[in-house]
2 protein chains.
Amino acid sequence: MEKTDHIIALISNIRDKSNKLIVNELKKASILDLAPSHGSILQLLFSTKESLSMQDISIKINRDKSTVTSLINKLIKLRYVEKVKNADDNRVSIITLTEKGWQLKPIFDAVSQKLLDSIYRGFDNDQKKEVVDVLVKINSNL
Amino acid sequence: MEKTDHIIALISNIRDKSNKLIVNELKKASILDLAPSHGSILQLLFSTKESLSMQDISIKINRDKSTVTSLINKLIKLRYVEKVKNADDNRVSIITLTEKGWQLKPIFDAVSQKLLDSIYRGFDNDQKKEVVDVLVKINSNL
DNA sequence: ACAAAATAGTTTGATATCAAACTAAAAAGG
DNA sequence: CCTTTTTAGTTTGATATCAAACTATTTTGT
């Protein structure tokens with residue numbers, strides 16, 4: 001390659017293609033009404049022992065709190081999660097997975113694995129570490 | 001670093017922060033009604049000698065043709081571009097910059113430069129090439 | 001030469017997203 | 001205590017985005 005100015009376009013394209021792969025794989029698993037951001041929330045819930053508030057989720061998935069409200073509303077409507085008020089502080093809502101939500105875990109694990117396999121095709125472990133390190137650096141530069 | 005599984009989140013964050021930086025810099029230049037995608041179109045037009053159809057733009061900026069219709073409609077309303085039908089093939093529309101559109105070039109050039117300076121802070125030329133190469137590889141893996 | 005297929009672009013409808021204004025509850029501070 | 005400020009979350013309004021259906025041209029195949 002010659003120029004290095006199209007890095008933003010590259011990153012944008014990678015993100016778009018990753019999201020399309022996720023949506024596509026979910027479709028294959030007959031999950032038609034969830035977007036990648038819903039997946040981010042679910043995987044956060046799968047992997048977090050402590051209880052998570054709306055704000056926790058907002059910070060962790062890097063989305064505005066009002067966006068999280070609407071994402072969670074959808075997950076509630078689909079009965080994947082539940083929302084209960086924190087007794088100690090009534091401003092805070094705690095989000096928990098339902099049984100139906102937990103059933104999605106293997107599907108999302110498989111989708112994640114498929115995406116990582118695609119992205120890292122032809123990379124050994126050191127190369128993976130290198131690319132993540134450099135992306136961490138860019139991320140902290142911004 | 002430990003894990004390399006959060007690469008998608010990293011890429012997503014970098015994209016979001018880049019877009020925020022762009023919107024912010026445009027705001028400083030009193031440009032309040034353009035999103036990064038409008039900037040992609042304008043910069044494509046700045047840098048392309050040949051005439052560009054709606055489809056050309058759709059392919060180059062990697063957005064659905066219907067998205068391009070609405071992005072171009074906004075640019076037309078703001079008088080930054082014009083749309084004329086191709087005489088040889090009446091299905092095709094050709095998009096050209098107006099005088100007012102060309103006036104945005106220095107602003108967008110400066111914004112791009114600022115973004116690249118941020119992203120690449122602490123990188124030498126070889127490191128820039130390396131990261132672009134690896135992103136190109138990931139992009140083609142998807 | 002004409003019917004069928006392909007192509008370029010628009011319209012329509014749905015949704016994720018953000019920012020700003022708002023509501024309600026808790027904390028701070030005099 | 002009681003007022004002020006901060007904090008958590010929702011509502012509202014705007015917009016970029018996509019996919020699917022549609023319209024209008026051009027191309028193709030027989």
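Computation of the quantities below employed the complete heavy-atom set of this structure, encompassing side-chain atoms and omitting hydrogens, waters and symmetry-equivalent molecules. A, B, ... follow the sequence lines: proteins, then strands. Residue 1 opens every chain.
Heavy atoms of B:Ser37 sit under 4.0 angstrom from primed sugar atoms or phosphate atoms, though from no base atom. When heavy atoms are screened at a 4.0 angstrom cut-off, A:Ser70 is found touching base atoms of the nucleic acid. Using a 4.0 Å heavy-atom criterion, one finds that B:Asp64 contacts the bases of the nucleic acid, with or without backbone contacts as well. B:Lys85 comes within 4.0 angstrom of nothing in the nucleic acid, heavy atoms only. A:Ser66 comes within 4.0 angstrom of a nucleotide base, judged by non-hydrogen atoms across all strands. Counting any heavy atom pair closer than 4.0 Å across all strands shown, A:Thr69 reaches a base atom. When heavy atoms are screened at a 4.0 angstrom cut-off, B:Asn90 is found touching the sugar-phosphate backbone but no base atom. Looking at heavy-atom distances under 4.0 Å, A:Ser93 makes contact with sugar-phosphate atoms alone, never a base.
A donor and an acceptor atom, one from each side chain of A:Asp109 and A:Gln113, are nowhere located under 3.5 Å apart. Side-chain polar atoms of A:Ser70 and A:Asn73 form no donor-acceptor pair below 3.5 angstrom.
Heavy-atom distances to DNA chain D give each of B:Lys65 and B:His38 a nearest nucleotide, and the one nearer the 5′ end belongs to B:His38. When each of A:Lys20 and B:Arg91 is assigned the nucleotide of DNA chain D bearing its nearest heavy atom, the one mapping closer to the 5' terminus is A:Lys20. Take the nearest nucleotide of DNA chain C for A:Leu71 and for B:Gln55: the residue whose nucleotide is more 5' is B:Gln55.
Across all their heavy atoms, A:Leu42 and A:Tyr80 have their closest contact at CD2-CB, 4.4 Å.
In the 5' to 3' direction, nucleotides of DNA chain C lying under 4.0 Å from heavy atoms of chain A begin and end at C:dA16 to C:dA26.
In the hydrophobic cluster analysis, where Ile, Leu, Val, Met, Phe, Trp and Tyr join through side-chain heavy atoms closer than 4.5 angstrom, B:Leu44 is grouped together with B:Ile76.
Under a cutoff of 6.0 Å and an axis angle of 45°, A:Lys129 and A:Phe123 do not form a cation-pi pair.
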